[in-house]
Amino acid sequence: MDFSRQKRMLQYFWIDKIGNVLFRLSWHLVHAIIYFCYFMMAMVHGLESHLISRGLLRKYKYLHISKINYLAIVIESEEACRTSNVIQLLQWVAALGINHICLYDNEGLLKKSKDVILDKFDGAILFQDTHENNMLLDQPCMTLEFVSFSDGKEAVARAANVLLMKYIKSGAAASNLGEQIFSESEMSEALKTVGSGGPEPDLLLIYGPARCHLGFPAWRIRYTEIQHMGPLKSMKYGSLIKALYRYTTVRQNYGK
Amino acid sequence: MLLNEDVLGHLFTGWTSMLRKCAFRVLRVGPIPRHIAIIMDGNRRYAKRKRLHEGTGHDAGAMALLYLLVYCYELGIKYVTVYAFSIDNFKRNPEEVQKIMDLMMESVFLLSRLSKIYLLRVHFAGNLQLLSADLRKAAKKLMENTARNSNLVLTICVSYTCSDEILHAVEESCKEKTEIAGRDDDGQGTHRVIKLVDIEKHMYMAIAPDPDIIIRTGGEWRLSNFLLWQSCCCHLSSIFTVWPEFGVLHLVWVVLDFQHKYTYFARKKNAIVDLGNG
């Protein structure tokens, strides 16, 4: 009896082993199919971008660019050093009539290249040099804002200290349970005070391998449309047009 | 609609259950996300398309959530966060708001029964002061009763926006620092500096790690003030299907997509941790 029990256990062991091998093979097969699907999708998108660039797809010919007041572009840091690609992208965007742009990469490499980038655009000024955010839209020239990871969570921590000073000066008791002490507009003001108070972009384009905002300041993307554009090195003008067109057709309820 | 755990019975029998378990076994060869978050968008569009009353769309959405919990439990996902009701949703017509609140109350009772079977922990994230006293009390009781469970942590974001979460965390940090400064008499204000770690511990979502995937159904490509703080290294997945029609195949696709990009996200998480540490 002991022998038949051992034999059964050995059989289960081998069934389990074979089962694991079959599951692994299935997993690799499924992922091979996914790679193939992504490859085919990239081909189709490439063809579509080409047709859009040539003006052969009618619906993309007329863009209501006025709907986009502020555009943000997130660039994966591994590609942010491709300054020529960044400049080309900005030239495309400017040619389409969008003049107020925020550039973000989480390591701040674009901040280091800002002088090189600004030199390529006549009359372009840094967002930080415009005195009032409210006047931003009235600026006839191009404004560029360079943002990095330190303008996100860390800026909120700095702004919190500004609010803490305000809280202490007001003499408020620490035990105001359930009462709201600050409003969202006070938080926005505090963020401006610490130099991280840019406007909320209407559209955020992500150039990178995956759809992820990589730490773009959270306070500024509450209702921002987020579109993934693929890697910067394979950016296409037609894809940009398609993304802008898609934004202009979106209708937001803002919770209603 | 009376939600009932008996409707889940058919999920565990039949050939579809076996196929699902097989598919999940294949998926588990690769990395499984620890935390998924969902913006459950499209309930009203679903009801409109099926020519049903608007409230029926929300009922169907609640059922879809129940099924998702079962799938996540079987797949081994530890944290599930759902965007049930935003602070902005209070602007909707009062009838719809009341319907959603009633549905939430039913869900609380159902989840308290399910949590005993599946050892589910339920947490409500948001400004609960904006809810009715009954719902708030029921939610707090459910949180207390399930605090020790750990098989799966379900966080329901109700009366929530990320900007309110950040503001709340900053307020709590200010109160804490003022209290500490009041107790310590060194006069130098050494404890009066708020650091990032102080804000993060007061977030409503401090109970769970940052999500690996945020899924938005309904085909929209924005976060609508949901987990903006926590989604630095998070795969944002937009599914065209409306929420009541979200099923196991959509979940399988989302997880496969996550696995496809896993190496990149793992690298990014390490890079962002290094950036945070200075």
Side-chain angles (χ1 to χ4, degrees), chain A residues 19-20 23-24 26-28 30-31 34-35 38 76-77 106-107 149-150 152-154 156-157 159-161 163-165 167-168 172-176 178 180-184 187 190 206 208-216 218-219 221-228 246 250 252 254-256, chain B residues 22 25-30 86-92 129 161-164 166-171 173-179 181-182 192-196 198-200 220-225 228-229 231-238 256-257 259-261 264-265 268 271-272 275-276:
Chain A
N20 282 343
F23 284 131
R24 279 200 170 274
S26 305
W27 186 85
H28 285 291
V30 166
H31 276 278
I34 287 175
Y35 267 108
Y38 273 122
E76 164 53 54
S77 287
N106 64 351
E107 288 179 23
F149 191 77
S150 60
K153 290 184 178 183
E154 289 170 23
V156 169
N161 284 295
L163 291 172
L164 174 63
M165 289 300 114
Y167 183 66
I168 292 168
S175 57
N176 289 342
Q180 193 179 19
I181 309 167
F182 306 117
S183 63
E184 288 190 12
M187 184 72 194
I206 298 172
R211 194 155 166 266
C212 172
H213 63 71
L214 299 173
F216 192 94
W219 196 258
I221 50 170
R222 292 174 273 188
Y223 303 102
T224 303
E225 289 287 318
I226 300 173
Q227 295 204 33
H228 179 225
R246 196 202 168 270
V250 159
Q252 279 210 42
Y254 296 99
K256 277 198 204 161
Chain B
C22 213
R25 180 62 189 86
V26 171
L27 275 185
R28 281 201 298 272
V29 171
S86 161
I87 291 176
D88 297 326
N89 293 151
F90 279 110
K91 291 185 245 175
R92 292 185 179 184
Q129 296 303 318
T161 57
C162 191
S163 43
D164 181 71
I166 294 170
L167 203 56
H168 165 83
V170 166
E171 285 175 353
S173 303
C174 286
K175 286 179 193 169
E176 186 188 42
K177 290 295 171 183
T178 314
E179 206 177 291
R192 285 190 177 181
V193 176
I194 295 176
K195 295 186 184 143
L196 192 54
D198 298 314
I199 296 174
E200 293 202 314
E220 303 294 343
W221 292 356
R222 55 187 176 268
L223 290 172
S224 296
N225 223 335
L228 306 171
W229 181 274
S231 53
C232 290
C233 273
C234 174
H235 179 44
L236 308 176
S237 181
S238 177
L256 283 170
D257 198 25
Q259 291 178 342
H260 181 70
K261 297 179 174 90
Y264 169 74
F265 280 111
K268 278 288 115 182
I272 280 181
L275 272 175

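Proteins get letters first, then strands, A, B, ... in listed order; numbering begins at 1 in each. This is a predicted model, so every value here is computed, not measured.
Looking only at heavy-atom pairs under 4.5 Å with chain B, the residue among A157(A), S150(A), G152(A), A159(A) that has the most is A157(A). Put simply, of V170(B), I87(B), L27(B), the one with the most heavy-atom pairs under 4.5 Å next to chain A is V170(B). Chosen from V30(A), V156(A), I206(A), the residue pairing most often with chain B at heavy-atom distances under 4.5 Å is V156(A). Between chain A and the residues H235(B), Q259(B), K91(B), the largest count of heavy-atom pairs under 4.5 Å involves Q259(B). Interface summary for chain A: among S86(B), C234(B), S173(B), the most heavy-atom pairs under 4.5 angstrom belong to C234(B). The candidate with the highest count of non-hydrogen atom pairs below 4.5 Å against chain A, out of I199(B), I272(B), L256(B), is L256(B). Interface check for chain A: of the options S224(B), S237(B), C233(B), the most heavy-atom pairs under 4.5 Å are formed by S224(B). By number of non-hydrogen pairs under 4.5 angstrom with chain B, the leading residue of K153(A), E184(A), M165(A), H28(A) is K153(A).
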Take F216(A) and I226(A) through the side chain to side chain contact (heavy atoms under 4.5 Å, CB included) test and state the conclusion after the steps. CA-CA 11 Å; F216(A) 192 94; I226(A) 300 173; over 6 Å; no
Run the numbers on N161(A) and K195(B) for side chain to side chain contact (heavy atoms under 4.5 Å, CB included), then give the verdict. CA-CA 8 Å; N161(A) 284 295; K195(B) 295 186 184 143; over 6 Å; no
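Formation of a donor-acceptor pair under 3.5 Å by the R211(A) side chain with backbone atoms of L236(B) is found in this model.
Contacts between S183(A) and chain B at a heavy-atom distance below 4.5 Å involve the backbone alone (N, CA, C, O). Looking at F90(B), neither its backbone nor its side chain comes within 4.5 Å of chain A, counting heavy atoms on both sides. Only the backbone of T224(A) comes within contact range of chain B, with at least one heavy atom under 4.5 Å from a heavy atom of that chain. If you measure heavy-atom distances from I166(B) to chain A, the contacts under 4.5 Å come from the side chain alone. Heavy-atom distances place both the backbone and the side chain of F182(A) under 4.5 Å from chain B. Proximity to chain B (any heavy atom under 4.5 Å) is restricted, for I34(A), to the side chain, taken from C-beta onward.
Side-chain atoms of W27(A) and R28(B), non-hydrogen and from C-beta on, never get closer than 4.5 Å to each other.
Rounded to the nearest 0.5 Å, atoms NE2 (H213(A)) and CG (N106(A)) are 11.0 Å apart. Going from atom CG of L163(A) over to atom CG of L167(B) covers 8.0 Å, rounded to the nearest 0.5 Å.
When all heavy atoms are compared, the tightest approach of C174(B) to A160(A) is SG-O, 4.1 Å.
In this structure Y264(B) satisfies the ring-ring contact (aromatic ring centres under 6.0 Å, His included) test with no other residue, sequence neighbours excluded.
Aromatic ring pairs are classed by plane angle as parallel below 30°, tilted from 30° to 60° and perpendicular above 60°; the pair Y38(A) and H260(B) is parallel.
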